[in-house]
Amino acid sequence: MNDKYDWMAATAASLVLWHAVALAADPKASPPDAVVKQLFDKDQVGIAGKELMMLTVEYLPGGASLPHRHDAQVFVYVLEGAVIMQVAGSPAVTLRPGETFYENPADVHMVSANASKTVPAKILVFIVKDKNAPVTRGVPAKSGS
């Protein structure tokens, strides 16, 4: 088996597992799971210590992700359906096929959700991150909320 593809499979599995664990930890949060498929990862040419990842995320009807951050540059392109995106400090936006969204490394992604309760939505995601750093990490819930 190829170590690179083992790592890719493990990374994709960790994204899905993180989402499942985060939902299990908060019984009030019950959006359907997202289907994450990692397409590839490559070392960034000319930028030592950085890598580029490309993946698709399909949100089931009514699906959403819990608040999280990437500590990376994230470029989103909507392929199908409509998604609602929001980073902390900015208004939520609804995006449709052909529209884009950007997260900088300091952003906390507060809302990432399918805008529809009846049809899936699918996005293509490019991530430029530190090599071997986690793709996503959860954001602790604020006390008193």
Side-chain angles (χ1 to χ4, degrees), residues 1-60 62-115 120-145:
M1 184 117 315
N2 184 323
D3 287 338
K4 178 180 175 183
Y5 290 103
D6 290 345
W7 182 85
M8 287 173 51
T11 300
S14 69
L15 284 170
V16 173
L17 179 61
W18 169 83
H19 187 74
V21 168
L23 289 176
D26 184 358
K28 294 180 289 183
S30 59
D33 287 338
V35 178
V36 178
K37 180 180 179 186
Q38 186 168 331
L39 304 175
F40 73 80
D41 74 289
K42 301 280 184 193
D43 287 350
Q44 205 53 35
V45 175
I47 306 174
K50 295 286 186 180
E51 64 185 344
L52 171 67
M53 296 179 74
M54 183 170 62
L55 49 95
T56 57
V57 178
E58 182 176 359
Y59 287 110
L60 302 176
S65 295
L66 295 173
H68 61 278
R69 61 182 305 144
H70 298 285
D71 301 320
Q73 292 189 79
V74 179
F75 305 86
V76 174
Y77 181 83
V78 181
L79 296 169
E80 300 171 10
V83 294
I84 301 168
M85 297 284 183
Q86 180 182 23
V87 294
S90 296
V93 294
T94 300
L95 305 168
R96 291 174 175 70
E99 295 183 311
T100 60
F101 186 78
Y102 172 77
E103 291 176 59
N104 76 52
D107 283 337
V108 174
H109 200 158
M110 300 305 297
V111 178
S112 181
N114 188 338
K122 189 173 189 178
I123 59 177
L124 178 65
V125 182
F126 292 89
I127 300 173
V128 178
K129 66 180 200 64
D130 290 338
K131 190 166 177 63
N132 300 319
V135 175
T136 299
R137 64 183 175 101
V139 175
K142 292 183 180 183
S143 58
S145 43

Quiz item: What's the verdict on side chain to side chain contact (heavy atoms under 4.5 Å, CB included) for Lys129 and His70, showing C-alpha distance, side-chain angles and the deciding distance?
Solution: CA-CA 8 Å; Lys129 66 180 200 64; His70 298 285; over 6 Å; no
Going from [atom1] on [X] to [atom2] on [Y], what distance comes out if it is rounded to the nearest 0.5 angstrom?
{"X": "Asp41", "Y": "Met54", "atom1": "CG", "atom2": "CE", "answer": "10.5 Å"}
{"X": "Leu52", "Y": "Lys42", "atom1": "CG", "atom2": "NZ", "answer": "9.5 Å"}
{"X": "Lys131", "Y": "Met53", "atom1": "NZ", "atom2": "CE", "answer": "10.5 Å"}

List, one per line, each side-chain donor-acceptor pair under 3.5 Å for residues 72-87, sequence neighbours excluded.
residue : atom : partner : partner atom : Å
Gln73   : OE1  : Tyr102  : OH           : 2.9
Gln86   : NE2  : Ser90   : O            : 2.8

Exercise. Please report the closest heavy-atom contact between Leu55 and Gln38, naming both atoms and the distance.
Key: CB-CA, 3.7 Å
Quiz prompt | Partner set under side chain to side chain donor-acceptor pair (under 3.5 Å) for Glu103, not counting sequence neighbours | solution =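 With neighbours one apart ignored, the set is His109.
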Which pairs pass salt bridge (Lys or Arg N to Asp or Glu O under 4.0 Å) with one or both residues in [range], sequence neighbours excluded?
{"range": "residues 62-71", "value": "Arg69-Asp71, Asp71-Arg137"}
{"range": "residues 104-115", "value": "none"}
{"range": "residues 82-99", "value": "none"}

Quiz item: Leu124 versus Leu39: any side-chain heavy-atom pair under 4.5 Å?
Solution: yes
Quiz prompt | Check: Gly63 main-chain N/O paired with Asn114 side-chain donor or acceptor under 3.5 Å | solution = no
